[in-house]
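A note on names: the letters A, B, ... follow the listed sequences, proteins ahead of strands, and every chain is numbered from 1. Predicted model, so just to flag it, every value in this text is computed and none were measured.
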Number of protein chains: 4
Amino acid sequence: MTDRSVKNIMSPRTKEQLEVIKTTKSQRIAEAALSLFASQGYEVTSISQIAREAGVSKGLIYNYFESKEHILKDIVSKVFESVWERLGLSQIDSLDDTAYRAFIVKSLDIVLDDLDHFRLYFAVFTQPMVISLLMDEIMAKSAPYLEMLQNYYTEKGYDDPALQMRYVGAVLDGIQMHIMLDPENFPVDGVKKLLVEQFT
Amino acid sequence: MTDRSVKNIMSPRTKEQLEVIKTTKSQRIAEAALSLFASQGYEVTSISQIAREAGVSKGLIYNYFESKEHILKDIVSKVFESVWERLGLSQIDSLDDTAYRAFIVKSLDIVLDDLDHFRLYFAVFTQPMVISLLMDEIMAKSAPYLEMLQNYYTEKGYDDPALQMRYVGAVLDGIQMHIMLDPENFPVDGVKKLLVEQFT
Amino acid sequence: MTDRSVKNIMSPRTKEQLEVIKTTKSQRIAEAALSLFASQGYEVTSISQIAREAGVSKGLIYNYFESKEHILKDIVSKVFESVWERLGLSQIDSLDDTAYRAFIVKSLDIVLDDLDHFRLYFAVFTQPMVISLLMDEIMAKSAPYLEMLQNYYTEKGYDDPALQMRYVGAVLDGIQMHIMLDPENFPVDGVKKLLVEQFT
Amino acid sequence: MTDRSVKNIMSPRTKEQLEVIKTTKSQRIAEAALSLFASQGYEVTSISQIAREAGVSKGLIYNYFESKEHILKDIVSKVFESVWERLGLSQIDSLDDTAYRAFIVKSLDIVLDDLDHFRLYFAVFTQPMVISLLMDEIMAKSAPYLEMLQNYYTEKGYDDPALQMRYVGAVLDGIQMHIMLDPENFPVDGVKKLLVEQFT
DNA sequence: TATGAATGAGATTTCATTCAT
DNA sequence: GATGAATGAAATCTCATTCAT
């Protein structure tokens, strides 16, 4: 009754309007789910809780996601994308020394920036159900970046670049996990310095 | 507990004998639970499954454990004990260079020796429910060994022994996690060598 | 505290006791389900309703039946057995004239004897979901009796015994269905006479 | 249907045109529903499925039909009309021998011509919910034709024309049902011959 | 007339836990 | 000590129907 044009009275929403509704709603649901999965765990979080947190009805969730499992898949998929992106690797083709050092430093910083993402990131690796569900997708997504790292080590003349890559990867994951476990007290800056000394 | 009916007249079980039976059954239950929790996850494992796997009735489980949660607590508690014990730290009072190097090497070896323990070990750290349930106990149990490590770094003249301890701890956890995730392919020996070079 | 023998105090139920409980309870559930399926239809009957009718909890039903579908399978399977048995064919190896005439007459009588069974019997044939679920089993169960009928027609010298068998089968089913639809008014006796005149 | 111009300014739709569109859409909905009800069953078919199959929105269905139940009522009502019409009885006032024989023969033929209609036709008789919903209407619609048949039997001098009518009706239904259940293999022609021999 | 997002009631199913035996 | 039948709360998911547009 406000300023809608005459010909739209009582006509169905346009495709654009529907698109907007769809993306905003499904984002709200996904955000609620991420936050709950991260703070409580996947199994323990119920659809009802997600609905309440997102401010929608239980039923609506199933308009946007096929199942609880698919909510998780969606979220994890986005989490992995955003992690690699924030590490600065998705924007470049190969690493030089500066980019490599930045990568190491960022690896620690992003944990504090978004603890929820990392809680999920590690849950994925240690919850057997989740792992079997998503490992393939994760690996496919990570492959190009891992290759980039290995190429860097090859260029730097390492005897066994693949070994070095696995080593550094494991070390970074360990530190990230510890930051996640104790974000208040973990000496991020000190460890950052040690890392840079030893690995660059 | 005194005179138990006709068929036990000749040899009523002593308290010790009862204890033996109890230990045996409760061990079987705990072992079944450990294996299932590790391979499937805690939430997803049902009491019925544990009972089936342990070859006992559902009801009996509640004779030995207060609740499903308590089974987990018990197991995790034992897992942590056994980890420190196997690392060789529970038998000594302080570290020298040899013991320290052995500790590093062992840290990797024990993962392959008992994958189930480590699956649970990491699940504990990343499953929010579990963590809040058990963090205190774990910390209390680990404290003396962490102190021992810190003392070693102090003696070796490190600027910031606490930092070093946290750093090494995180690195070892990271590598352990990666071994656990890919026990077949992870280059344990190569990484062991790199670790010894860098951290001893 | 009544007349239980000393050694049974606090001991688990014997296998026989458990067997009795199992069969009586699962019968109660199956009977409740049969009555509801017959009077309302399969889809429209809820597990809650069955539980209420049987006087048990919803959960218990799943101790005895894998799923709602399996309740139906079980019931239908038994219904078919009992129909053939009541028709007197499961007790003999081949038909003579007397047995054949008895078979025709009985075919009508049993409908009135147990309407619920026949409501289910016809529902099976016309509800697409049910049919696809059970057709194979039904056919396997009916095969020997159909063969017996065909043999009878062969012996009586029919040109096309298979055709005759299908014809009579269809006719009987049609009449059974009409009895079921209007058990009060359908002229069972009159039709019985007509049938015997024409088909024996 | 003339020149429908830029946005209808030239010729706003007349009431008849609206009616045409309505008929078309509601027919499409009804056809989709018939096909799905017949192949899957009423309960198991969802409004969404009907909408998808008919190529309209869920909402629109409720412009044309009060509820899911009313779709069924509408369809069944039409199915019964068309069956009597196709049997050739709705065009005449009374039966002679030729018309009667044609009626018998047609009774079988129309099943193969439109299996979906007959799937629904029999579902109506065996699904208790549906039956209670529609029996009255069906009976009212069938009454005149049943009377016509009874008159025919009276004229032919049958002792009990009502009995004969019920008998033949049941027989035909039985055969129709069997054709429906196994349209590929049922010996329609053979049975047709037997029927004509026995009942004309 | 036409759309499809949104709801909420209810369905099936699972499972930790209890308890009579 | 030992059993497993029984419960009931809660979880996931479906779907007829409504309603703003």
Between the main-chain N or O of A:Val124 and the side-chain N or O of A:Tyr42, is there a donor-acceptor pair closer than 3.5 Å?
no

What is the distance, to the nearest angstrom, from the CD atom on C:Glu69 to the C1' atom on E:dA11?
15 Å

Base, sugar-phosphate, or nothing: which does D:Thr45 touch, judged by heavy atoms less than 4.0 Å apart?
sugar-phosphate

Can you tell me the distance, in whole Å, between the CD1 atom of C:Ile21 and the C1' atom of E:dC19?
12 Å

Given atom CZ of D:Arg52 and atom C1' of E:dT3, what is their separation to the nearest angstrom?
15 Å

Side chains of residues 47-60 of chain C: which donor-acceptor partners sit under 3.5 Å, not counting sequence neighbours?
unit_1: C:Gln49; atom_1: OE1; unit_2: C:Ser46; atom_2: N; d: 3.3
unit_1: C:Gln49; atom_1: NE2; unit_2: C:Gln40; atom_2: OE1; d: 3.4
unit_1: C:Ser57; atom_1: OG; unit_2: C:Leu60; atom_2: N; d: 3.3

Separation of C:Glu43 atom CD from F:dT14 atom P, in whole Å?
15 Å

From C-beta outward on B:Asn63, which listed nucleotide comes closest to its side chain: F:dG4, E:dT7, F:dA2?
F:dA2

Please give, in whole Å, the distance from E:dA2 P to A:Lys15 NZ?
16 Å

Please confirm whether the backbone N or O of D:Glu31 pairs with a side-chain atom of D:Ser35, one donor and one acceptor, at under 3.5 Å?
no

Quick one: label A:Ile47 by what it contacts on the DNA or RNA (base, sugar-phosphate, nothing), any heavy atom closer than 4.0 Å.
sugar-phosphate

Closest-nucleotide ordering on DNA chain F, the 5'-leading residue of D:Lys68 and A:Lys68
A:Lys68

Picking from B:Asn63, B:Asp74, B:Ile61, what satisfies side chain to side chain contact (heavy atoms under 4.5 Å, CB included) with B:Ile29?
B:Ile61

Roughly, in whole Å, what's the span from CZ in D:Arg28 to C1' in E:dA2?
12 Å

Between B:Ser48 and D:Val56, just flag the one whose closest nucleotide in DNA chain E comes earlier from the 5' side.
D:Val56

Presence of B:Tyr62 side-chain N/O under 4.0 Å of E:dC19 phosphate oxygens OP1/OP2
no

Comparing A:Leu60 with A:Gln17, nearest DNA chain F nucleotide closer to 5' gives the residue A:Leu60

Side chain to side chain contact (heavy atoms under 4.5 Å, CB included) for A:Ile21 and A:Arg13? Distances and angles first, verdict last.
CA-CA 10 Å; A:Ile21 291 173; A:Arg13 277 174 274 233; 3.8 Å; yes

Nucleotide pairing, DNA chain E (Watson-Crick or G-U, distances under 3.5 Å), in dot-bracket with [ ] and |
.||||||||||||||||||||

Contact class for A:Tyr64 vs. all strands (heavy atom < 4.0 Å): base, sugar-phosphate, or nothing?
sugar-phosphate

So, is C:Lys25 close to the F:dA6 phosphate, meaning a side-chain N or O under 4.0 Å from OP1 or OP2?
yes

Can you check the B:Gln49 CD to E:dT14 C1' distance for me, whole Å?
12 Å

Please give me the minimum heavy-atom distance between C:Ala30 and C:Ile75, naming the atom from each residue.
O-CD1, 3.6 Å

Check the distance between E:dA16's P and B:His70's NE2 and give it to me in whole angstrom.
16 Å

Scanning both residues in full, the closest heavy-atom pair of C:Glu43 with C:Lys68 reads O-NZ, 3.4 Å

Between A:Ser57 and C:Glu66, who's closer to the 5' end of DNA chain E by nearest nucleotide?
A:Ser57

What's C:Leu18 touching, base or sugar-phosphate or nothing? Going by heavy atoms closer than 4.0 Å.
sugar-phosphate

With respect to the side chain of B:Ser46, which nucleotide from E:dT3, E:dA16, E:dA20 is positioned closest?
E:dA16

What is the minimum heavy-atom distance between D:Ser26 and D:Phe65, and which atoms define it?
O-CZ, 3.9 Å

